[in-house]
Amino acid sequence: MTSSTIRAVCPHDCPDTCALLVTVEGGVAVEVRGDPAHPTTAGALCTKVARYPERTYHKDRLLSPMKRIGKKGEGKFAPIGWEEAIATIAARLQRIADPQAILPYSYAGTMGLVQGESMAMRFFHKLGASLLERTICSTAGGEGYKYTIGARIGTDVEQTEHAKLILIWGGNPVASNLHFWMRAQQAKRNGAKLIAIDPYRSLTAEKCHQHIALLPGTDAALALGLMHVLIAEDLVDRDYIDRYTEGYTQLKERAAEWPPQRVAVTCGISVGEVLQLARDYGAAARRGEAALIRLNYGVQRTRGGGMAVRNIACLPALAGAWRHAAGGVLLSCSDAFPKDRAVLERPDLLAGRNPRSINMVTIGDDLLRDASPAFGPKIEALIVYNANPVAVAPESDKVAQGFAREDLFTVVLEHFQTDTADYADILLPATTQLEHVDIHSTYGHLYMMANNAAIAPLGQAKPNTEIFRLLAARMGFSEPCFQDSDDAIAAQAFRADDARVAGPYWEQLKRQGWQKLRLADAPFVHGGFPTASGKCALYSQAMADAGLDPLPAYNAPHESAASNPALAARYPLAMISPPARNFLNSTFVNVQSLRDTEGEPHLDMHPVDAAARGIAQGELVRIFNDRGSFACWARVTDRARPGLVVGLSIWWKKFAADGKNANQVTSQSLTDMGRGPTFYDVLVEVEKA
Ligand SMILES: Nc1nc2c(c(=O)[nH]1)N[C@H]1C(S)=C(S)[C@@H](COP(=O)(O)OP(=O)(O)OC[C@H]3O[C@@H](n4cnc5c(=O)[nH]c(N)nc54)[C@H](O)[C@@H]3O)O[C@H]1N2
Ligand SMILES: Nc1nc2c(c(=O)[nH]1)N[C@H]1C(S)=C(S)[C@@H](COP(=O)(O)OP(=O)(O)OC[C@H]3O[C@@H](n4cnc5c(=O)[nH]c(N)nc54)[C@H](O)[C@@H]3O)O[C@H]1N2
Ligand code: SF4
Ligand SMILES: [Mo]
């Protein structure tokens with residue numbers, strides 16, 4: 001049998017974007033390995049993607065277009081042909097008078113620039129459909145970071161092992177950023193100190209030298225406390241501040257309002273923890289050692305998440321940590337890639353029209369809204385791809401009610417019959433990464449990545465691009481861009497005239513698999529921040545212009561004992577639902593071997609909180625608030641600090657005893673910046689089920 005090795009890329013929403021080597025025998029993908037030659041992948045994959053063939057050849061893969069034959073949500077379908085599927089969708093969309101009543105709903109099921117928002121957005125732009133604000137993950141922190149630094153650019157992950165102090169702030173890299181964690185462990189072996197800042201003793205926090213378990217949503221206050229101590233104890237780098245920052249005088253006044261005592265009370269930690277953290281951080285930078293902050297998305301899923309990231313991003317400039325290539329901060333490096341959105345998505349096809357935007361976080365409310373002058377037309381058609389909103393969007397009861405509307409026409413492009421697919425009128429089989437071409441930028445390393453198709457599409461599955469090409473043709477869209485092949489789109493994804501790319505890249509990238517962007521080793525050794533002033537904005541005029549506090553501040557959670565005592569009297573426990581190690585958001589939940597490892601849906605709670613409610617280890621409990629309830633199995637453990645419960649996520653509802661998951665109780669309230677979700681800003685009560 002002929003055997004070949006194909007260069008591919010992990011498509012998932014993970015900062016690591018691994019380079020894959022796919023072994024194909026007789027047209028079948030038999031093994032997926034990490035490329036040992038790719039510096040950040042280093043030959044290692046996480047357990048999830050090592051199982052990619054198991055997912056691809058899963059017995060439940062959708063292999064034919066289908067139409068609904070049962071009630072919405074029931075999940076009963078009958079196969080139809082592609083011709084009937086495309087004709088039905090086109091006819092239905094053409095009957096909708098105002099195209100703004102049509103809404104795409106997509107996120108990062110694949111991070112590929114081709115199978116993500118290329119042909120799909122061309123189609124929706126030409127149609128004049130509502131725009132989707134793709135806010136469900138990273139916009140709060142992204143905006144906060146940009147106010148301070150100017151763009152989502154940070155420390156190169158390949159420098160990690162040279163750091164001497166690493167703050168892992170709001171992230172659990174053992175589960176969700178494995179290849180950074182491998183390097184952080186190398187740094188540890190080289191003598192670095194690792195400190196986790198996380199309300200929960202995660203798999204990562206337990207392996208760090210120190211764990212600071214602050215209350216959820218209080219990171220902005222901790223950062224203010226660190227500024228206070230750095231300034232009071234003269235641990236700041238005045239030369240760096242003078243040259244490369246703006247607003248230090250105003251910042252000093254603001255930081256003076258946050259002495260360690262106040263910070264300790266706000267964050268629910270000790271004064272000693274605040275002092276020690278500031279001294280560790282300032283002293284490392286002062287000694288000329290690299291102090292690195294791996295800032296992650298755990299800090300930005302509460303109301304004040306934007307400000308928290310903005311504040312934390314000020315710290316390296318204050319301490320002069322950017323002077324070292326391994327110092328500074330890494331949240332996301334996605335702006336390092338010169339993506340050509342104008343070519344990929346063709347917003348010019350709007351031709352002067354200015355459709356409304358719908359925030360994907362509030363899809364629950366928005367699906368239930370009637371037409372009004374403020375809102376525009378009622379949503380009549382929803383086309384979902386690369387996303388599973390019925391499982392992942394907040395306040396899930398409302399989301400499910402919206403999807404169940406009889407007058408809503410729903411199309412879902414999927415690999416599997418997810419909780420969302422159950423509500424489709426037309427369900428279309430999409431190809432996986434092994435079956436299509438793509439090109440990737442990343443948010444955790446600095447390589448352009450090429451994905452070659454390893455195998456032919458299974459059954460009748462088609463790439464997202466091909467499905468939108470067929471729809472465009474059926475609807476008579478005649479612009480040449482609707483005929484671009486996936487290969488042609490990939491070749492246009494990055495701006496070849498940008499110095500970081502330096503010329504046509506695609507043919508070579510396809511053969512090599514990966515290619516590092518041309519960038520300096522350290523981004524801000526000599527300032528050069530991509531802000532309006534070129535300086536790190538300790539005071540931000542852009543924030544003042546946007547009606548925000550221009551200085552670092554603390555925006556308390558929507559729901560916490562301190563910010564809403566009346567609510568906390570009824571629902572005294574804070575709940576967070578961060579990613580489970582064996583799933584990727586809701587992807588892989590249906591892969592049996594991974595579900596077996598993850599076990600049943602569970603809720604971690606502190607022994608004191610469990611005892612107060614008569615709850616014993618392993619008992620079924622009900623978690624509830626005014627928005628809804630869900631059931632899972634209690635794990636009594638001091639991993640969760642008292643007053644906090646933790647339900648690792650995101651489970652498919654259909655695999656749970658009561659058909660529900662953690663998003664039953666999460667809220668549609670938004671963050672202070674970026675209109676992002678507040679998944680970890682939730683008060684609940686727990687009782688025996
Ligand atoms: N295995 C796996 N990997 C994933 C994912 C997955 O589902 N599974 N999801 C992917 C996606 S979409 C994303 S966005 C990234 C997310 O990547 P990260 O942002 O690194 O997310 P987590 O790994 O869950 O780490 C979040 C940590 O923040 C903590 N946390 C919660 N609230 C707060 C808070 O208020 N302050 C602080 N300091 N910490 C808090 C949680 O307890 C958790 O340990 O991971 C990606 N990688
Ligand atoms: N409670 C709670 N809720 C959360 C979070 C949390 O921490 N707690 N995290 C939030 C975050 S950070 C995020 S990013 C979102 C993630 O939410 P989503 O982006 O919706 O992520 P997934 O749940 O992984 O669903 C992606 C779907 O896309 C499908 N897919 C993958 N590749 C393709 C393809 O090529 N074509 C098509 N048509 N489909 C494909 C997969 O099969 C999968 O079902 O969830 C959010 N929801
Ligand atoms: S999910 Fe992340 S760690 Fe796992 S293979 Fe994909 S990119 Fe690598
Ligand atoms: Mo995410």
Side-chain angles (χ1 to χ4, degrees), residues 8-20 32-35 38 40-42 44-52 107-109 111 134 136-139 141 167-182 196-205 211-220 222-223 267 294-305 308-309 312 331-332 392 433 440 442-445 449 557 560 574-589 594 598 604 639-641 644 646 648-650 676-682:
V9 186
C10 174
H12 293 296
D13 189 351
C14 167
D16 298 21
T17 311
C18 289
L20 309 180
V32 171
R33 285 175 295 137
D35 183 350
H38 180 239
T40 65
T41 307
L45 299 180
C46 64
T47 46
K48 307 175 288 294
V49 173
R51 306 278 164 73
Y52 207 73
Y107 201 63
M111 297 273 294
R134 293 189 171 77
I136 203 151
C137 177
S138 63
T139 46
L167 309 188
I168 298 178
W169 201 326
N172 177 18
V174 169
S176 62
N177 191 187
L178 181 66
H179 298 79
F180 160 77
W181 178 248
M182 286 158 50
I197 303 170
D198 192 316
Y200 177 61
R201 197 168 74 243
S202 67
L203 294 171
T204 304
H211 172 209
I212 298 177
L214 79 185
L215 291 166
T218 63
D219 302 271
L222 179 56
C267 300
R294 182 62 172 104
L295 176 54
N296 232 310
Y297 290 102
V299 308
Q300 54 122 59
R301 307 214 187 289
T302 57
R303 172 169 163 257
V309 169
I312 294 165
L331 172 70
S332 160
V392 311
Q433 189 79 338
H440 290 246
T442 91
Y443 58 100
H445 65 65
M449 308 289 289
S560 73
M575 186 189 90
I576 60 173
S577 50
R581 184 183 195 174
N582 295 288
F583 307 147
L584 210 134
N585 300 323
S586 76
T587 304
F588 294 105
V589 178
L594 292 170
E598 199 58 42
D604 286 5
R639 280 180 179 279
R641 54 171 290 159
L644 179 77
V646 183
L648 299 179
S649 288
I650 310 168
T678 53
F679 287 113
Y680 307 163
D681 188 336
V682 175

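Index from 1, following the sequence. When a ligand or atom number is given, it counts from 1 through the structure's own listing order.
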To which protein heavy atom is [atom] closest, and what is the distance rounded to 0.1 Å?
atom	result
atom 25 (O) of ligand 1	N172 N, 3.1 Å
atom 15 (C) of ligand 1	Y443 OH, 4.4 Å
atom 21 (O) of ligand 1	S176 OG, 3.9 Å
atom 40 (C) of ligand 1	P199 CD, 3.2 Å
atom 9 (N) of ligand 1	N585 OD1, 3.4 Å
atom 1 (N) of ligand 1	A175 O, 2.8 Å
atom 34 (C) of ligand 1	G298 O, 3.3 Å

Give the atoms of ligand 1, by number and element, whose distance to some non-hydrogen atom of [X] is under 4.0 Å.
X	value
Y200	42 (O)
K48	1 (N), 2 (C)
D219	34 (C), 35 (O), 36 (N), 37 (C), 38 (N)
C137	14 (S)
R581	1 (N)
F583	1 (N), 2 (C), 6 (C), 7 (O), 8 (N)
G170	19 (O), 25 (O), 26 (C), 27 (C), 28 (O), 37 (C), 38 (N), 39 (N)
G217	34 (C), 35 (O)

Distance, nearest 0.5 Å, that separates [atom1] of [X] from [atom2] of [Y]:
X	Y	atom1	atom2	result
F583	L594	CZ	CG	7.5 Å
M449	M111	CE	CE	11.5 Å
T204	I168	OG1	CD1	6.0 Å
R581	S176	CZ	OG	10.5 Å
H179	C46	NE2	SG	7.5 Å

Below 3.5 Å, N or O to N or O, backbone or side chain included: is there any such pair between [X] and ligand 1?
X	answer
S649	no
I197	yes
P216	no
N582	no
C14	no
R301	no
T218	no
Y297	yes
Y680	no

Does any donor atom in the side chain of [X] or [Y] lie under 3.5 Å from an acceptor atom in the other side chain?
X	Y	result
Y443	D13	yes
N177	R294	yes
W169	D219	yes
D35	T41	no

Just let me know how D16 lines up against ligand 3, side chain, backbone, both or neither, with a heavy-atom cut-off below 4.0 Å. both

Note: T41, heavy atoms under 4.0 Å from ligand 3, region reported as neither

For A580, is the nearest heavy atom under 4.0 Å from an atom of ligand 1? yes

N177 near ligand 1 by a heavy-atom separation under 4.0 Å: no

[X] heavy atoms, cut-off 4.0 Å: which ligand 3 atoms fall inside?
X	answer
L584	1 (S)
H179	3 (S), 8 (Fe)
V49	1 (S), 4 (Fe), 5 (S), 6 (Fe)
C14	1 (S), 2 (Fe), 3 (S), 7 (S)

Metal site atom 2 (Fe) of ligand 3: N/O/S of C18 inside 2.8 Å: no

Residue portion contacting ligand 1 (non-hydrogen atoms closer than 4.0 Å) for P579: both

Report the part of I576 (side chain from C-beta onward, or backbone N, CA, C, O) that has a heavy atom under 4.0 Å from ligand 1; answer both or neither where that applies. side chain

So, do [X] and [Y] sit near enough that their side-chain heavy atoms are less than 4.5 Å apart?
X	Y	answer
T40	H38	yes
C267	L215	no
V49	H12	yes

Check whether any N, O or S atom of C46 sits under 2.8 Å from atom 4 (Fe) of ligand 3. yes

Between Y297 and C137 the two heavy atoms that sit nearest each other are CD2-O, 4.2 Å

May I ask which of D13, N296, D198, T204 has a heavy atom nearer to atom 27 (C) of ligand 1 than the others do? D198

